[in-house]
Q: 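So that we are looking at the same thing, I have put the structure below in structure tokens.
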Amino acid sequence: MIEPIPLARLFTDRIFRIPDYQRGYAWQHGQLKAFWEDLVNLPKGRSHYTGVLTLKEIPSSAITTTAKEHWLAAQGHRVYHVVDGQQRLTTFVVFVQACMDYLRALAENAGKSDDDIFITDSISLEEAQTKYLFKVKPRDEFRTYKFGYTDDNPSDRFLRHRILGEPGGARIEETFYTLNLRNAKDYFTGQLEALYLLDGTVAVWGVFEKLTTKFLFNEYVIRDEFDVFVAFETMNNRGKKLSDLELLKNRLIYLTTIYEDHELSEAGRDALRREINDAWKEVYHQLGRNEHRPLNDDEFLRAHWTMFFKYSRKTGRDYIHFLLGEHFTPQRVHKKTEKPVLLDAPQEQLSDDEVEEEVETADEPEVIQQFTAELAPRDIREFVASLKQSAVHWFNSWHPEMAAGMSRAECERIGALNRIGIGYFRPLVMVVLKNEKDEATRLALYRAVERFIFVAFRLNSAKSNFGSSEFSNVVRAIDRGEKSPKDVVARLDVLLGYTFHEDGTFRSDDFYNLLFRRFKAGVGYYGWSGLRYFLFEYELNLLAASRQVKVGWSDLLKTEKDMVSVEHIYPQTETPEWALAFAAVDSSVRANYQGSLGNLLLLSRSINSSLQNISFAEKRDPKFDPSGTKIRNGYSDGSHSEIDVAKQYSTWGPHELRRRGSKLLGFLETRWDLKLRNEDRERLLFLTALEAEP
């Protein structure tokens with residue numbers, strides 16, 4: 001049985017590189033916490049088995065003279081690709097750097113060199129740095145890192161400059177994976193600080209020594225090049241399963257290695273592998289561009305699959321079963337198909353008296369059969385190029401405000417789609433951004449999609465999958481040029497036809513019935529799923545005149561218990577003052593007034609729930625203390641919706657509430673291009689006693 005070895009031995013005369021088919025650093029708080037607890041809780045004299053480290057040694061002949069590893073390889077260092085275990089090794093390296101930085105920063109070590117600061121009672125920072133982090137080549141004075149990424153990995157520069165302290169690197173692109181690296185270092189710095197405050201330098205020395213001498217690995221070195229990719233697919237890094245996107249990248253790189261030479265030359269293999277790496281670099285950049293809200297790998301992969309291959313009504317992992325189990329498989333590379341190739345047959349030179357006869361019986365050009373892979377390299381190339389291009393537009397569909405070169409009008413339209421809940425239409429937005437060059441055509445599509453969602457799902461409560469198959473299938477047709485966005489707009493209008501009377505007015509029965517149940521439950525419009533979206537769009541309509549943003553959409557998505565984003569002007573808890581204001585309204589109907597649309601107001605801030613019950617006059621104007629210092633805002637300096645109420649109404653009673661409700665319904669008609677009948681406008685305010693249940 002092979003004896004497990006500690007990190008101190010593992011890093012002796014070795015260099016580790018994360019190969020191009022690997023993902024970035026994926027560990028987050030849960031994995032870091034488990035790592036730290038394993039470390040600090042390890043009893044003295046005991047060892048901790050960390051698992052198998054799977055490596056592939058890189059032959060010294062494959063290390064070029066220009067590679068920074070070359071000089072150390074010439075001195076006997078071995079270079080390995082890390083097939084499995086990169087998350088643990090990355091965490092170790094980040095921990096070592098955090099430990100060294102923390103010790104350097106201690107007041108007791110001020111002014112000391114790394115030779116004079118110790119990380120254990122016998123190992124200096126200089127010795128630890130040389131053994132575990134990097135060596136500096138004499139004369140040339142460049143760093144060769146003991147652990148790092150292969151060239152062009154987006155995390156490479158971040159690790160070197162932001163984590164390991166290499167000078168320079170002023171402009172470094174950050175992603176979800178680089179955020180994880182920074183968070184890991186910050187986490188360990190915090191833990192080391194707490195440990196130091198508890199037990200001093202000796203405690204820090206102790207955890208470093210335990211980590212380097214008591215954390216043990218079994219080492220497995222893969223000999224066969226092809227086995228590397230197969231092994232990678234079957235392994236999960238500790239605590240975080242590989243995503244489908246990560247597995248797919250590995251599979252595609254593996255496929256490049258099994259084509260025969262006449263199908264893919266050596267130069268062709270290298271070029272295709274670079275294209276795959278470039279594509280994944282772009283994909284991961286786009287998915288992680290908003291580092292605090294990274295996009296899901298597999299959701300993007302499924303959307304692209306829908307566009308590039310097909311749509312399936314089945315939920316779950318249909319897409320990856322197709323990609324890895326049917327399409328991009330070694331069997332399709334090994335399986336050869338016969339393709340006829342027309343060759344020119346040589347014609348013998350004949351004497352004159354034989355020419356005529358020979359011409360009549362001359363052989364036809366020879367047709368031969370050439371065997372070639374069923375899955376050709378060009379198929380991989382086309383797929384990878386599409387994936388790379390689509391990632392940009394996928395990100396833009398989520399974060400139009402960060403999109404380069406996108407007009408304000410388009411940004412606002414896509415933003416509205418995100419606010420209302422874009423659902424299964426996101427792949428459609430992606431493919432239109434990718435393929436449609438005319439902005440006016442794109443804007444028309446966005447308007448039609450948003451109107452469809454609002455009318456079908458927010459007003460009429462259609463099932464969530466209404467139209468999903470049709471509009472998911474059309475994504476591929478648009479990508480192939482078989483349909484245009486104008487076709488989609490026309491079809492959306494047709495599907496909404498059932499919601500309108502013959503005279504073009506809106507059939508409000510479904511919306512009324514939905515609201516009736518909400519009023520019956522005592523919440524009214526406040527329980528309508530489209531309320532916050534509706535009120536925010538009204539706020540934006542008022543904003544257009546001033547351009548000063550008072551409230552953002554994210555403010556309405558907070559879940560804190562004391563957050564009030566929509567207020568009942570006439571409060572649900574009635575005070576004597578409010579009872580007087582609504583004395584003309586029968587007490588049995590007052591709950592309807594409280595839940596009616598005109599009584600609901602979008603706020604620019606969280607307010608104390610007790611303030612909701614104060615009088616309208618107090619709500620309307622800010623409050624000042626005797627010294628003139630403002631102690632509470634009023635509607636007059638709140639959101640644009642609040643300011644509008646403060647300007648338009650000096651008091652608040654049944655008449656004002658009805659007037660504002662009618663105004664908001666008028667906005668609904670204008671904003672979403674639908675016309676209500678007069679009687680429908682009245683009944684949708686719900687200012688009378690509820691009828692019998694419809």
Side-chain angles (χ1 to χ4, degrees), residues 512 514-536 538-539 542 550-551 556 562-623 632-668 681-691:
Y512 176 83
L514 180 156
L515 291 171
F516 182 91
R517 292 189 289 273
R518 303 294 184 270
F519 275 92
K520 200 76 172 174
V523 293
Y525 271 91
Y526 196 80
W528 173 39
S529 64
L531 179 68
R532 281 165 173 72
Y533 167 71
F534 174 81
L535 291 180
F536 188 77
Y538 182 67
E539 171 76 8
L542 297 174
K550 296 278 190 172
V551 59
L556 276 72
D562 65 341
M563 170 59 70
V564 178
S565 55
V566 177
E567 182 187 24
H568 296 75
I569 302 173
Y570 168 29
Q572 292 174 293
T573 303
E574 191 179 73
T575 63
E577 193 167 1
W578 278 109
L580 183 62
F582 282 81
V585 178
D586 189 275
S587 59
S588 64
V589 186
R590 289 182 186 176
N592 288 8
Y593 276 76
Q594 291 162 351
S596 189
L597 184 61
N599 192 50
L600 300 173
L601 181 62
L602 184 72
L603 300 179
S604 62
R605 65 211 173 277
S606 172
I607 66 170
N608 188 301
S609 60
S610 65
L611 297 179
Q612 297 176 68
N613 300 330
I614 61 178
S615 69
F616 181 75
E618 291 177 289
K619 290 184 178 187
R620 185 172 177 269
D621 299 314
K623 185 176 182 179
R632 176 173 52 78
N633 287 330
Y635 289 165
S636 59
D637 51 9
S639 68
H640 292 291
S641 301
E642 292 174 88
I643 293 169
D644 184 61
V645 167
K647 285 182 177 179
Q648 297 293 327
Y649 310 102
S650 57
T651 61
W652 193 255
H655 173 73
E656 291 79 12
L657 191 153
R658 177 185 293 274
R659 181 179 149 199
R660 184 168 182 266
S662 297
K663 182 179 179 180
L664 289 175
L665 286 179
F667 169 71
L668 183 149
R681 290 192 193 96
E682 178 62 27
R683 71 176 188 150
L684 287 174
L685 293 177
F686 283 86
L687 297 180
T688 57
L690 294 180
E691 305 165 4

Q: Is there a donor-acceptor contact under 3.5 Å from the side chain of Asp637 to the main chain of Gly634?
A: yes

Q: Could you grab the distance from atom CG of Leu657 to atom OH of Tyr649, nearest 0.5 Å is fine?
A: 9.0 Å

Q: With a 3.5 Å distance limit and no angle check, can you tell me whether Asn592 reaches the backbone of Leu687 through a side-chain donor-acceptor pair?
A: no

Q: Nearest 0.5 Å, please: how far is CH2 in Trp528 from OH in Tyr533?
A: 9.5 Å

Q: Is the number of heavy atoms from other residues, nucleotides or ligands under 6.0 Å of Glu577 CD greater than 12?
A: no

Q: Testing the basics here: between Pro571 and Gln594, what is the closest heavy-atom pair and its distance to 0.1 Å?
A: O-NE2, 3.1 Å

Q: Tyr593 and Val585: which non-hydrogen atoms are nearest, and at how many Å?
A: CE1-CG1, 3.5 Å

Q: Closest approach of Ser650 and Arg620, non-hydrogen atoms and distance?
A: CA-NE, 4.1 Å

Q: Please verify the inter-ring angle class for Phe616 with Trp578; under 30° counts as parallel, over 60° as perpendicular, anything in between as tilted.
A: perpendicular

Q: Let me confirm one number: the CD1-CD distance from Ile643 to Gln648, rounded to the nearest 0.5 Å.
A: 12.0 Å

Q: Working to the nearest 0.5 angstrom, can you tell me the gap between Asn599 CG and Tyr570 OH?
A: 8.5 Å

Q: After noting the C-alpha distance and the side-chain angles of Val589 and Thr688, does the key distance pass the side chain to side chain contact (heavy atoms under 4.5 Å, CB included) rule?
A: CA-CA 6 Å; Val589 186; Thr688 57; 5.6 Å; no

Q: Taking only residues two or more places apart in sequence, or in another chain, which ones meet Tyr635 in a ring pair (Phe, Tyr, Trp, His ring centres under 6.0 Å)?
A: none

Q: Would you name the heavy atoms of Thr573 and Asn613 that are closest together and state the gap between them?
A: O-OD1, 3.5 Å

Q: Can you list the residues that meet the salt bridge (charged side-chain N to carboxylate O under 4.0 Å, His left out) rule with Arg660, with sequence neighbours excluded?
A: none

Q: Kindly compute the distance separating NZ (Lys619) from OG (Ser636), expressed to the nearest 0.5 Å.
A: 14.0 Å

Q: Is the shortest side-chain heavy-atom distance between Val566 and Leu603 below 4.5 Å?
A: no

Q: Identify the two heavy atoms, one from Arg590 and one from Ala583, that lie closest to each other, and give their separation to 0.1 Å.
A: NH2-CA, 3.6 Å

Q: Would Arg518 pass as a cation-pi partner of Tyr525, given that its NZ or CZ must be under 6.0 Å from the six-membered ring centre and within 45 degrees of the axis?
A: no

Q: Looking at residues at least two apart in the chain, or sitting in another chain, which of them share a salt bridge (charged side-chain N to carboxylate O under 4.0 Å, His left out) with Lys663?
A: Asp644

Q: Using every non-hydrogen atom in the two residues, find where Glu539 and His640 come nearest and quote the distance to one decimal.
A: OE2-N, 2.9 Å

Q: Could you walk me through whether Leu597 and Leu531 pass the side chain to side chain contact (heavy atoms under 4.5 Å, CB included) check?
A: CA-CA 9 Å; Leu597 184 61; Leu531 179 68; 4.2 Å; yes

Q: Starting from the C-alpha separation in whole Å, work towards a yes-or-no answer on side-chain hydrogen bond (donor to acceptor under 3.5 Å, both in side chains) for Arg681 and Ser662.
A: CA-CA 7 Å; Arg681 290 192 193 96; Ser662 297; over 6 Å; no

Q: For a 4.5 angstrom cut-off between non-hydrogen side-chain atoms, does Glu567 reach Glu642?
A: no

Q: Quick check for you: to the nearest 0.5 Å, what is the distance between Phe536 atom CZ and Ser641 atom OG?
A: 9.5 Å

